[in-house]
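Data first, discussion second: the structure below is written as structure tokens.
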Amino acid sequence: MFSARLFQCLLGMSALVYAGPCDIYASGGTPCVAAHSSTRALYNSYDGDLYQLVRASDDSTLEIGLLSTGGAANVAPQDSFCVNTICNITTIYDQSGKGNHLTQAPPGQAATGAGKNDYDILARASVAPHLINGNKVYGVYIIAGVGYRNDKTTGVATGDEPEGIYAVLSGTHYNTGCCFDYGNAETTNTDPGAGYMEAIYFGNRDVVSSGAGSGPWIEADLENGLYGKASTGNNPNNPSMNFNLVTAMVKGNSGNEWAIRGGDGVSGALTTIYSGVRPSGYSPMKKEGAIVLGVGGDNSDAGAGTFFEGAMTTGYPSDATENSVQANIVAAKYGLYS
Ligand SMILES: *[C@@H]1O[C@H](CO)[C@@H](O)[C@H](O)[C@H]1NC(C)=O
């Protein structure tokens, strides 16, 4: 194992080549407690599976792992397993070691599709091919009715505890429906009121909050509302994220502090969209530590988007740590597959 000092040194010397996003969060003192990706390892040392498929032809399953330790997804087995049938993703594994895997979301209050009385539907597995460092990989393609969740997590922030969240998402697949989210949610699947969520939202829903232009925007779903600043309404400092790939970040500290940051997932640096106090009625937070992907905390299931990777930390990551994570995402070389 690396010593912390050797690790820091490698980090400095090698421009992040030896680190994954969760190694960077750990070296910043804010380790990941959930780490999900369909495209790559989020730790240099991760050598487990990324996700599980089920195919419609015979209901058999297949685990999708990595090309190498710490590397990109190995999707050649998926491509042969899924020939002439439909494959869906059943499970997105947590790489953090905390066991916070994401599976089919259970029924919830606000679902209008299958998830009203039954589990949400699963994402198709082979419809969002992309490249990472020249390797073909697949995103998790969320349409209305699709959702993943874990209501019994370990180590995820609750109450007013600090956390950070990041995700790499498609900048071209989104909608106005509520709500394509990734992050912390209530454990009950019903809306208990303000402050029970702290999640990344991505899309062009222009109902409660909006940003500059026509979207899509990165906002925070704090439950009972999407926020791009300390109140609802328009935040002209929240730019439309018209990139093929988008890095989105939301973080929340104890003591009435939070921030939204984001940028192009292929090049450049992060912009701080908002940093400051919480909306009125949101301090202290009442986080419950469930994790959602593709739906709101009450299982509102009308959102659309494509998820590639994301993680949640314990502790409030510094801007410098998040900037290093963005540099790592750029170095991973996401691109379109044609
Ligand atoms: C597989 O995915 C598609 C699209 O998301 C969905 O329509 C279908 O119901 C899914 N199958 C299952 C068993 O969830």
Side-chain angles (χ1 to χ4, degrees), residues 36-39 49-64 73 75-94 100-130 136-152 167-183 185 189 199-205 216 245 290-310 336-337:
H36 304 111
S37 176
S38 62
T39 65
D49 292 322
L50 296 180
Y51 57 97
Q52 185 192 65
L53 302 174
V54 62
R55 68 179 172 195
S57 54
D58 62 359
D59 283 337
S60 62
T61 59
L62 181 71
E63 309 296 334
I64 298 300
V75 303
Q78 172 169 339
D79 288 343
S80 35
F81 182 76
C82 301
V83 168
N84 295 329
T85 183
I86 288 174
C87 280
N88 283 1
I89 297 171
T90 66
T91 309
I92 305 162
Y93 293 109
D94 173 19
N100 294 325
H101 312 305
L102 294 174
T103 57
Q104 199 163 7
Q109 177 188 16
T112 53
K116 183 82 182 165
N117 301 305
D118 200 351
Y119 280 68
D120 291 356
I121 54 175
L122 298 169
R124 292 278 299 271
S126 304
V127 292
H130 278 66
K136 182 190 187 189
V137 294
Y138 292 105
V140 181
Y141 191 80
I142 305 281
I143 57 173
V146 174
Y148 292 85
R149 190 168 191 129
N150 187 328
D151 281 329
K152 292 199 172 117
V168 178
L169 308 168
S170 166
T172 60
H173 178 215
Y174 58 88
N175 71 3
T176 59
C178 178
C179 287
F180 177 68
D181 289 346
Y182 174 70
N189 315 321
I200 292 165
Y201 163 79
F202 188 73
N204 64 337
R205 186 170 181 77
L245 291 126
I291 304 172
V292 289
L293 171 60
V295 288
D298 52 8
N299 203 28
S300 31
D301 61 353
T306 304
F307 173 92
F308 298 97
E309 62 175 74
L336 299 181
Y337 179 87

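Counting starts at 1 for both ligands and their atoms, in listed order.
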Q) Would you say I64 and Y138 make side-chain contact, with heavy atoms under 4.5 Å? A) no
(Q) Give me the residue, atom name and distance of the protein heavy atom closest to atom 14 (O) of ligand 1. (A) L122 N, 3.3 Å
Q: Mind telling me whether H173 and Y141 have parallel, tilted or perpendicular rings, with 30° and 60° as the class edges?
A: parallel
Q. Taking Y119 for the side chain and T103 for the main chain, is one N or O donor matched with an acceptor at less than 3.5 Å?
A. no
Q. Hey, looking at atom 10 (C) of ligand 1, which of N88, T90, D59 has the closest heavy atom?
A. N88
Q. Does any N or O in the side chain of Q78 come within less than 3.5 Å of the main-chain N or O of A125, such that one atom is a donor and the other an acceptor?
A. yes
Q.
For atom 4 (C) of ligand 1, what is the closest protein heavy atom, and at what distance to 0.1 Å?
A. R124 CG, 3.3 Å
Q) T306 versus I142: any side-chain heavy-atom pair under 4.5 Å? A) no
Q | ligand 1-proximal atoms of V146, by part, heavy-atom distance under 4.0 Å | A | side chain
Q: Note the single closest protein heavy atom to atom 7 (O) of ligand 1, along with its residue, its atom name and the distance in Å.
A: I121 CD1, 4.0 Å
